[in-house]
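To keep things clear, I will list the structure first and then write my remarks on it.
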Amino acid sequence: MLEKNYNPKDFEEKIYADWEISGDFKPDMRSDKDAFSIVIPPPNVTGVLHMGHALNDTLQDILVRYNRMLGKKVLWQPGTDHAGIATQMVVERNLAKEGISRHDLGREKFIETVWKWREKSGGTICKQLRRLGASCDWSRERFTMDEGLSRAVRKIFVSLYKDGLIYKAKKLVNWDSKFMTAVSDLEVIQKETVGKMYYYKYPIEREKGEYIHIATTRPETMFGDTAVAVSKDNEKLKHLIGKNAILPIVNRPIPIIADEHADPEKGTGAVKITPAHDFNDFEVGKRHNLPLINILNPDATLNENTPFPGMDTQTARKKTIEKLEELGLMERIEDHPMVIPYGDRSGVVIEPLLTDQWFVDAPTLAKEAIRAVEEGEMEFVPKSYEKTYFEWMRNIQPWCISRQLWWGHQMPIWYGPDGTIFCEENEEEAKAAADKHYGKKVELTRETDVLDTWFSSGLWAFSTLGWPDKTEYLDTFYPTSVLVTAFDIIFFWVARMMMMSMYKMKRVPFAKCYIHGLVRDEHGQKMSKSKGNTVDPMETIEKYGADALRFFMAAMETQGRDINMSESRIAGYRNFATKLWNAARFGEMNQCLSQPDFDENSVKHPVNKWIVAKAKEATKEVTDNLNNFRFSDAANAVYQFTWGSFCDWYIEMIKPLLYGEDESAKSETRAAFAWVLDRILVILHPFMPFITTELWNNTASRQVKLIHAPWPKEEKIDTAAMNDIDWAIELISSIRSLRAEMNLPAGAKLTAYLKGASETSLKNMHAFSNIICSLARLEKLDALQGEVTPDMVQSVFREATVLLPLKGVVDFAAERERLRKELDSLNKNLEGYARKLSNPSFVERAPAAVVAEEKRRQAEAMENKSKVEEALQRIANF
RNA sequence: GGGUGUGUAGCUCAGUGGUAUGAGCACUACGUUGACAUCGUAGGGGUCGCUGGUUCGAUCCCAGCCACACCCACCA
């Protein structure tokens, strides 16, 4: 017996454990059906589940469960990401509590500590994914730092290096002074701030009283200036070109050069050029062969190339200004809106810094990645994201992959005594290569830099399947079927996976890429810890059940839009689960048992025929929409059917049958009920796996587990049977509504009321009374088939127009006006139809079906016109 | 500066070239009839951002405008 109340906590975890223990998430490798695979976007090993994961993983689980029920070989490959900076940060923070820094431990010990930490705390998010119901094959769980994946990383790295696609270069990079590492462009967040613009002047060499006026937001960088640029078209300043300015305080002469970078309209028209600390200036420096002077230490304090070694930039800025003021060179300071780059993890200002770093030749790798999308080998859903992807890929810059961290994949690079680079997959090979190169044994030192986390993530689609080994899984599941991810990760991950996969596998990593939005708070604000508007999915699950949260995510997921969190809506879907639970209880109480040999096509009673047809219609809608990644439409179809058709109408309509005397109708109805409930459980299962499984297990003894139950194949839908009752429902609804409008006493029979009505009104209700008779039949629910026709319902509406004014409910004049307007509009339409149909080119050239449709519409409009005229006629009497 | 998207009921959002059968929540009235008050029945509530154009007909297509959001690049 089912419990009286739906209480998800009673069974969700138990059911999940059963699936996992029974190996229900593992693909059936012996099956000859198609493969379907998804690799999970690996959450950070430090992560805890947030609503974004809940959305992302719910969508994947829906696809995975649906395809599993289609009988395919399904693999959902799970795992976590080592998340270089994030993880190192967490562990360092823990150490700091004990007063230890990573430098106290040393590299090796520190890495050991990270591994230990991961053992202990790294599994949180995977546990939480289980709670959500994610049907990943956990036996295949991977971690980007696993030996297998690390091997893949080394192999790709060496291959890229040997193909000349990875190189070392001294370049200006984004430097994070907190972690003291380079970061990629993507890891830099630009933030709007109101800063200051400083105006001051540099004296001109050997020309007393002559100055060049400079404007800058960062005066302290002047010690790295190696030129001042002006535009050659700048009439006011071009006479200075070729002369030298004297850099104050340090009294270093620097040339005044002509460069198009200097915009005469901006600032003072003259730009100080600091090639080692500004990306634009770096380019100017290259054009003019300027020296590069680095003025910063790795921790962003000034170095010995400045008068203020060891000082942080803010203090140095003040000092510089003071000095300039003392020298009488400072002119003014203004507020200035500007954008300052910050590290996305560290939150500190990112400094452009000149260092040796390693780069991937992204522009070259991007070519194939672009082509694959252009030629449709990989499709974005929604398609509009293609544009974003192309835009980024076509303007891609070399990707800085080296990080001066400890936690991550150490680069497979060894240096010989003279600095010669040996890039091999392991130390032995590097040594061998070095021996060969030098003709003798030499000592090698390994590069200490580690790789950007996204380097290993880029290989995820094939490294998790066993590459570089040839494995059955790689063979079966690569390329994967679809990648599901949020738009903010397109550049970080999707683009890199595409590049890496096209490079090494020569095939796309996934056939489709479904992009969803972000989960925001209920007012559309981005969720963030600092705003305090985050909602913890675990708490939501605790309160409403995982099914309710999942269904919410599915029902809200319309392609390409962000989702606003709404607790009331989640509660609504919990209520939906309750509704289904109670419907199942109703079935149980009425002995509606699933019958194995039941043929749903053999039902006789109109109500049963109707619900069977409706169930098939809903199935088709769910199927079609899931095939097209239309999650909300799919979820709504099953919701509407279950609540709107099955619970609201079917159950009410079969009560007289179940409580009645007709035994054959009764047994047919019981079986039909059970069949429909089973159907609901099947098509709802991908969305609400827990409650459906619980009901499946408790309403009958089953041959198959619901998780493996076959998804219904395409079915013929008896539309005639469906229409009969659909019309009846519309009819009943309209009559109920009418009753309310007429203020009938509660419980009064409409027929009784009509008996008491005046002759005149009854006269006008000829058609209406027909419907009342139909209603009477309906309530008995016999001989229903074919009794209620669209015409009857039409007449209800028509007659209502007349009836309502009678009772003073509707304003007569307004009603007349409305009808006149309708008549006008119909006349206009009729003109249009007539014109179109008398146009020879339309009649001759348009497809026959279109012309027929036009004629049908014309006929319909004519009919409507006469009805409206008739109504107007009648209304005229009142 | 470049790009993308959004503007529909009180709120959050679906949707469509043919009178908006819109959904959930909120609201109002009535109702504890034997699945369900985590419920039922009914109701109120919309100039579908503004202005033009195409069309017999536009909320939907096109153009312009207004407002908002996001992404990319830059600002000495």
Side-chain angles (χ1 to χ4, degrees), chain A residues 2 4-7 185-186 190 197-199 213-218 221 228-229 261-263 266-274 278-281 336-339 384-385 387-388 391-392 395 487-488 490-491 517-518 520-526 544 548 552 555-556 558 560-590 592 632-633 636 639-640 644 647-648 651-652 655 659 730 733-734 736-741 746-747 818 821-822 825-836 857 860-861 864:
Chain A
L2 291 170
K4 169 102 171 69
N5 292 313
Y6 162 65
N7 193 350
D185 300 346
L186 287 174
Q190 309 286 346
M197 179 71 89
Y198 302 87
Y199 292 86
H213 299 266
I214 304 288
T216 180
T217 53
R218 304 191 56 193
T221 62
V228 174
H261 172 57
D263 181 343
K266 282 186 184 166
T268 59
V271 196
K272 66 195 268 304
I273 301 297
T274 323
D278 182 287
F279 289 99
N280 286 315
D281 294 2
H336 180 71
M338 55 193 288
V339 178
S384 54
Y385 283 103
K387 212 168 169 177
T388 315
E391 192 63 29
W392 159 261
N395 296 303
F487 68 80
D488 59 342
I490 293 179
F491 306 141
L518 305 178
R520 297 167 174 279
D521 78 0
E522 56 192 329
H523 302 296
Q525 297 290 308
K526 218 168 174 172
Y544 299 105
F552 167 80
M556 297 303 286
T558 52
R561 265 180 91 125
D562 288 348
I563 289 179
N564 290 2
M565 220 34 225
S566 158
E567 182 166 345
S568 65
R569 205 155 179 143
I570 293 173
Y573 292 125
R574 187 270 322 269
N575 297 353
F576 171 62
T578 305
K579 191 77 181 171
L580 176 65
W581 185 266
N582 284 310
R585 283 184 60 228
F586 173 83
E588 194 177 47
M589 287 169 184
N590 290 285
C592 297
S632 74
D633 290 337
N636 287 331
Y639 180 96
Q640 290 303 339
C647 293
D648 285 352
I651 290 184
E652 293 309 322
K655 277 176 184 171
Y659 306 146
E730 202 168 316
S733 302
S734 63
R736 277 178 184 167
S737 169
L738 221 54
R739 281 183 183 206
E741 287 278 350
R818 197 189 64 77
K821 263 181 151 174
E822 195 176 334
S825 152
L826 279 168
N827 277 331
K828 257 192 177 172
N829 286 356
L830 281 169
E831 268 174 44
Y833 294 135
R835 188 188 303 183
K836 212 167 191 177
R857 286 176 179 180
E860 192 183 80
N864 283 341

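For clarity, every value in this text was computed on a predicted model and none was experimentally measured.
Taking atom CG of residue A:Asp521 and atom P of nucleotide B:C11, one finds them 16 Å apart after rounding to whole Å. In this entry the distance linking NZ of A:Lys4 with P of B:U38 reads 10 Å, nearest Å. Between A:Asp562 atom CG and B:U6 atom C1' there is a gap of 11 Å when expressed in whole angstrom units. Atom CD of A:Glu588 and atom C1' of B:A35 are 10 Å apart (whole Å). Atom CZ in A:Arg585 sits roughly 9 Å away from atom P in B:A35 (whole-Å rounding). Here B:C71 presents its P atom at 18 Å from CG of A:Asn395, a figure rounded to the nearest Å. Atom CZ of A:Phe491 and atom C1' of B:C72 are 7 Å apart (whole Å). Between the CE atom of A:Met556 and the P atom of B:C25 there is a distance of 12 Å, rounded to whole Å.
Closest approach of A:Lys579 to A:Cys647, counting heavy atoms only: CE-CB, 3.7 Å. Residues A:Thr216 and A:Arg218 approach most closely at OG1-N, 2.9 Å, considering heavy atoms.
A distance of about 32 Å separates the C1' atoms of B:G2 and B:G15, rounded to the whole Å. The P atoms of B:C39 and B:A58 are separated by 42 Å, rounded to the nearest whole Å. Nucleotides B:C30 and B:A23 have their P atoms positioned 24 Å apart, rounded to a whole Å. The same atom, C1', is picked in B:C71 and in B:G46; the two are 33 Å apart, to the nearest Å. Nucleotides B:C13 and B:U32, compared at atom P, are 38 Å apart to the nearest Å. The gap from the P atom of B:C48 to that of B:U21 amounts to 14 Å, rounded to the nearest Å. The separation of B:G7 from B:A26, taken at their P atoms, amounts to 24 Å, rounded to a whole angstrom. Annotation: B:C62 and B:G17 have their C1' atoms spaced 13 Å apart (nearest Å).
With distances taken from any side-chain atom of A:Lys387 to the nucleotides B:G3, B:C71, B:U12, the minimum falls on B:G3. Comparing B:C70, B:C74, B:A14 by their closest approach to the side chain of A:Asn280 singles out B:C74. When distances run from any side-chain atom of A:Gln640 to the nucleotides B:C36, B:A14, B:A23, the shortest one goes to B:A23. The nucleotide whose nearest atom lies closest to any side-chain atom of A:Asp648 is, among B:A35, B:C36, B:G40, B:G40. Counting only heavy atoms from C-beta on, A:Ser568 has its side chain closest to B:C25 among B:A23, B:U38, B:C25. Comparing atom distances between the A:Asn564 side chain and each of B:G24, B:C39, B:U12 picks out B:U12 as nearest. Taking every side-chain heavy atom of A:Phe487 into account, B:C70 is the closest of B:U4, B:C70, B:A14. The side chain of A:Thr578 lies closest to B:U38, out of B:C70, B:U38, B:C36. The side chain of A:Arg561 lies closest to B:G7, out of B:U12, B:C70, B:G7. When the nucleotides B:C39, B:C36, B:U12 are ranked by their closest atom to the side chain of A:Arg569, B:U12 comes out on top.
At the heavy-atom level, A:Arg574 lies under 4.0 Å from base atoms of the strands shown. Among the heavy atoms of the strands lying under 4.0 Å from A:Met197 are primed sugar atoms or P, OP1, OP2 only; no base atom is included. Note on A:Ala229: nothing from the nucleic acid sits closer than 4.0 angstrom, heavy atoms only. Residue A:Glu522 is in sugar-phosphate contact alone, with no base atom involved, counting any heavy-atom pair closer than 4.0 Å across all strands shown. At a threshold of 4.0 angstrom between heavy atoms, the contacts of A:Ala577 with the nucleic acid are absent. Counting any heavy atom pair closer than 4.0 Å across all strands shown, A:Tyr573 reaches no nucleic acid atom. Note on A:Thr217: only backbone sugar-phosphate atoms sit closer than 4.0 angstrom, heavy atoms only; bases stay farther off.
Side chain of A:Asn5 to backbone of A:Asn7: no donor-acceptor contact under 3.5 angstrom is found. Under a 3.5 Å cut-off, the side chain of A:Glu522 and the backbone N or O of A:Glu567 do not form any donor-acceptor pair. Listed for the A:Asn590 side chain is a donor-acceptor partner under 3.5 Å among the backbone atoms of A:Phe586. In this structure, the side chain of A:Asp521 engages the main chain of A:Gly524 through a donor-acceptor pair within 3.5 Å.
Residues A:Trp392 and A:Leu186 are in side-chain contact: their nearest non-hydrogen atoms beyond the backbone lie under 4.5 Å apart. A:Tyr198 places none of its side-chain heavy atoms less than 4.5 Å from the side chain of A:Thr217. Residues A:Leu518 and A:Asp488 form a side-chain contact, since some pair of their non-hydrogen atoms from C-beta on lies under 4.5 Å apart. Side-chain contact check for A:Ile273 versus A:His261: some heavy-atom pair is nearer than 4.5 Å.
Between A:Tyr573 and A:Phe552, the angle of the ring planes lies from 30° to 60°, which puts this pair in the tilted group.
The shortest distance between the side-chain N/O atoms of A:Tyr6 and the OP1/OP2 oxygens of B:A37 is not below 4.0 Å. Close to B:A35, at under 4.0 Å from its OP1 or OP2, lies a side-chain N or O of A:Lys655. Contact between the side-chain N/O atoms of A:Thr388 and the OP1/OP2 oxygens of B:C71 is not found at any separation under 4.0 Å. For A:Lys579, a side-chain nitrogen or oxygen approaches OP1 or OP2 of B:G40 to under 4.0 Å.
Residue order along RNA chain B, read from the 5' end via each residue's closest nucleotide, puts A:Gly524 first among A:Gly524 and A:Tyr639. Along RNA chain B, the nucleotide closest to A:Ser384 and the one closest to A:Thr216 are compared, and the more 5′ of them pairs with A:Ser384.
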Query raised in the report: Given the rule that a pair is Watson-Crick or G-U wobble with both distances under 3.5 Å, how would you write RNA chain B in dot-bracket, using | for pairs to a different strand?
Result: (((((((..((((....[...)))).(((((.......))))).....(((((..]....))))))))))))....
